Novice: 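Would you mind keeping the following structure in view while I ask a few things?
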There are 2 protein chains.
Amino acid sequence: MSQPELPLVLIGFGNVARRFLRLLDESAERLDFTWRVVGLSTRHHGSVIDTAGIDVARAIALVESNQSLDRLESEPRERSGIDVIRQVTDAMADEASDGRLVCVETTVLDIDRGEPAVSHVRAALEGQAHVITANKGPAAFAYHELEALAESVDRIFFFEGAVMDGVPVFNLVRETMPAIAIDGFRGVINSTCNFILSELERGKEFDVALAEMQARGIAEADPSLDVDGWDAAAKTAALVNVLMGSAMTPHHVVRSGIRDVTGLDVRDAIARNRRIRLVASASRQGGKVRARVEPEVLERSDPLANLEDVENALYLNTDLLGQVGIVQRTGSLTQTAYALLSDLARISQRLRDI
Amino acid sequence: MSQPELPLVLIGFGNVARRFLRLLDESAERLDFTWRVVGLSTRHHGSVIDTAGIDVARAIALVESNQSLDRLESEPRERSGIDVIRQVTDAMADEASDGRLVCVETTVLDIDRGEPAVSHVRAALEGQAHVITANKGPAAFAYHELEALAESVDRIFFFEGAVMDGVPVFNLVRETMPAIAIDGFRGVINSTCNFILSELERGKEFDVALAEMQARGIAEADPSLDVDGWDAAAKTAALVNVLMGSAMTPHHVVRSGIRDVTGLDVRDAIARNRRIRLVASASRQGGKVRARVEPEVLERSDPLANLEDVENALYLNTDLLGQVGIVQRTGSLTQTAYALLSDLARISQRLRDI
């Protein structure tokens, strides 16, 4: 079969989105699809729509030199992310109706309501576009509504990058564990907190460790999202919604961050052959799912105790396979971008299977 | 779409195959396919073919009370596994040609040449049946030939159960890591050896620990396959063949088992804050893949060092995701049976996608 061509509209054009486009180029020979970018929406650098295909290299160069994408259009106009999605799905109604149009959502996490990401996903699905996102918001705040919408229009709504970057978590369960029930999970899923705890153990200062994570582009711009446990809570809510069939938001997760954990605390734990790690967990209790994010003092034999620096791991409690763990040992922008690539490859796969 | 009905022919009818059939029954409501068993071949209890569907409960009862399956046929005759495959693929040529007939291969591992399992897989594919197997032999001895044959007849040849039971390894890479290259791996993938080493650490005797693994149905009938590293070598060869694109057999794996590891050795390692584990590994060296199975003295910080008893783990070195680990914390017959179920579910998925 010939390779499908997927038109992409990107809502959010930050580091992750730009790395994603470069990764597609680097991986082109290994992919069974081609693509062109037909819409770009940025927060501070305007937007551009061109159904014939945007000059991506030029768009990246403009944004990275702090110039506006308006230069790529003859008659530039102001548009919101929603505007870009609606105009592209209208202009490319044929491709949308063929199931080839894909919206790539990478705006930043809003921990109050998951907006405008949730609205972006909804608008794209309503326009018959598939949606892939690295944003935790949609799955954390509105998974069941959006998944029902996606099914009703026979489109894909994937978000592998929401937890542990491109290391498969949602795809792991969906694609490789048929007929399995998940009763709970435990994990270390915030790299910034794990790095800070590791540095505290080595005698470094909290703020210095946090600054290093920000410099490496791993910490969120607003450090409260990491150190107060919000990022882990959003991931936990997404995991509960998707894997355990329950419905919660990050605000339902019992949450305590690492802001009050001191070097004294972590070194005292080590002296007792233990380690403090920020653990995200969920379990069913009397038919209801309870979820928590909090620092735990772990025995050395706990598989979460030996995660260093930016390592992540998630252990799923399953009915047929017992406890299954997936471990991420390195984290970088490429891994987050790869999450989008792996989601896009599944859309292509589905098109080829039809 | 309506649920496909998959006729199954089972070659090998031991613990794994019988648990697989019970697991299908237990999971029936969660599966998107139905099935009927049309052929059974055993090593010591005869065989039976009935394209209308065999009474599975009665077949299980006969074998478990040490009686022959011949009783289920009006005119029983002696047949090899190959005979059963050929007669079923002939009698069910329509179902085979529709891509619905599935051969479930669960004979025991032959470490010399992987036979007769390799011939079973070949005969089934030649008859246009899909093949799923929990036997390591076919992927360890003849993966490239059999996969090419499967592709040429547009059928599936899956063997998730060959490594780490039903915990996804091959499906993990195939289904969730598109466009990724694997440069090597390290793992603890033989439960019996890991259990023996754990027991030696606790001061137990080697032979007592081995006997317990045999009693629990985890050790191979021939203990040499486990303690001399052959089982791990077969798994390593399968991993190299499938994930690294190279071609080797278990005999190409540099191999050293745990027969000479003493209680003194493992307790001496613990005294130095280290642990001895049987490690399987492979890496590319100058364009060639080198693979080893041998006891290694590991630092406590090594993610393989903390695997207890029958826990397994495999860490893959990937180009785009760095090191990714998958961990199995419990092992049982159900998990091996689940491997077959997950492979069968993918065949059904493919039929539904067409």
Side-chain angles (χ1 to χ4, degrees), chain A residues 23-24 26-32 160 164-172 174-181 300-303 305-308 311 313 315 317-332 334-335 337-339 341-342 344-346 348-350 352-354, chain B residues 23-24 26-32 160 164-172 174-181 300-303 305-308 311 313 315 317-332 334-335 337-339 341-342 344-346 348-350 352-354:
Chain A
L23 186 61
L24 282 179
E26 292 161 17
S27 310
E29 286 185 12
R30 304 193 214 163
L31 299 174
D32 61 1
E160 187 56 66
M164 287 174 68
D165 300 330
V167 170
V169 173
F170 301 107
N171 288 333
L172 175 75
R174 186 195 306 113
E175 305 298 337
T176 75
M177 298 188 184
I180 225 158
R300 280 280 180 175
S301 58
D302 190 304
N306 295 292
L307 298 168
E308 305 290 339
E311 293 178 351
Y315 286 81
N317 299 328
T318 76
D319 59 343
L320 300 179
L321 284 176
Q323 209 175 75
V324 177
I326 182 94
V327 185
Q328 172 181 25
R329 301 205 69 206
T330 44
S332 71
T334 299
Q335 303 209 333
Y338 179 78
L341 184 149
S342 72
L344 191 60
R346 283 224 74 79
S348 155
Q349 179 72 41
R350 185 184 287 198
R352 294 167 63 86
D353 283 347
I354 287 168
Chain B
L23 186 60
L24 282 179
E26 292 161 17
S27 311
E29 287 186 10
R30 303 193 214 163
L31 299 173
D32 60 1
E160 188 57 66
M164 288 174 66
D165 300 329
V167 171
V169 173
F170 300 109
N171 288 334
L172 175 74
R174 187 194 306 111
E175 305 298 337
T176 76
M177 298 188 185
I180 225 159
R300 279 280 180 175
S301 58
D302 191 305
N306 295 292
L307 297 167
E308 305 289 340
E311 294 178 350
Y315 286 82
N317 300 328
T318 77
D319 59 343
L320 299 180
L321 284 176
Q323 209 174 75
V324 177
I326 182 95
V327 185
Q328 173 180 25
R329 300 204 68 205
T330 44
S332 71
T334 299
Q335 304 210 333
Y338 179 79
L341 184 148
S342 71
L344 191 60
R346 282 223 75 79
S348 155
Q349 178 72 40
R350 187 185 286 199
R352 295 168 63 86
D353 283 346
I354 287 167

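Worth saying up front: this structure is predicted, and the values here are computed from it rather than measured. Order of the sequence lines fixes the chain letters, A, B, ..., with proteins taken first and strands second; residue numbering starts at 1 for each chain.
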Novice: Checking A:Ala313 against chain B: side chain, backbone, both or neither under 4.5 Å from a heavy atom?
Specialist: neither
Novice: Highest number of heavy-atom pairs under 4.5 Å with chain B: which of A:Arg174, A:Glu308, A:Met177?
Specialist: A:Met177
Novice: Considering only heavy atoms, which portion of B:Gln328 lies under 4.5 Å from any heavy atom of chain A: side chain, backbone, both, or neither?
Specialist: backbone
Novice: So what's closer than 4.5 Å to chain A heavy atoms on B:Asp319: side chain, backbone, both or neither?
Specialist: side chain
Novice: Distance alone, cut at 3.5 Å: any donor-acceptor contact between the side chains of B:Gln335 and B:Thr330?
Specialist: yes
Novice: Is any side-chain heavy atom of B:Val324 less than 4.5 Å from a side-chain heavy atom of A:Ile326?
Specialist: yes
Novice: Heavy-atom pairs under 4.5 Å with chain A are the metric here; pick the option from B:Thr176, B:Leu307, B:Val167 that has the most.
Specialist: B:Thr176
Novice: When only pairs under 4.5 Å are counted, which of A:Ser301, A:Pro168, A:Ala337 shares the most heavy-atom pairs with chain B?
Specialist: A:Pro168
Novice: Looking at A:Ile180, A:Leu341, A:Asn171, which has the largest count of heavy-atom pairs under 4.5 Å with chain B?
Specialist: A:Ile180
Novice: Could you grab the distance from atom OH of B:Tyr315 to atom CG of B:Asp302, nearest 0.5 Å is fine?
Specialist: 8.5 Å
Novice: Show me the pairs that pass salt bridge (charged side-chain N to carboxylate O under 4.0 Å, His left out) and involve residues 321-330 of chain B, at least two apart or across chains.
Specialist: B:Glu311-B:Arg329
Novice: Given that the side chain runs from C-beta out, which part of B:Ser27 has a heavy atom under 4.5 Å from chain A: side chain, backbone, both or neither?
Specialist: side chain
Novice: Looking at OG1 of B:Thr334 and CG of A:Leu321, how far apart are the two atoms once the value is rounded to the nearest 0.5 Å?
Specialist: 9.5 Å
Novice: Where does B:Ala339 contact chain A at under 4.5 Å (heavy atoms): side chain, backbone, both or neither?
Specialist: neither
Novice: Can you tell which of B:Pro178, B:Ala345, B:Gly166, B:Ser332 has the highest number of heavy-atom pairs within less than 4.5 Å of chain A?
Specialist: B:Pro178
Novice: If I measure from the heavy atoms of chain B, does A:Met164 come under 4.5 Å with its side chain, its backbone, both, or neither?
Specialist: neither
Novice: Just so I know, are the side chains of B:Asn306 and B:Arg300 near enough to count as touching, which here means a heavy-atom distance under 4.5 Å?
Specialist: yes
Novice: Do the charged groups of B:Arg346 and B:Glu160 touch, with an N to O distance under 4.0 Å?
Specialist: no
Novice: Roughly how far, to the nearest 0.5 Å, is CG of B:Asp165 from OH of B:Tyr338?
Specialist: 12.5 Å
Novice: For B:Leu172, is it the side chain, the backbone, both or neither that has a heavy atom under 4.5 Å from a heavy atom of chain A?
Specialist: both
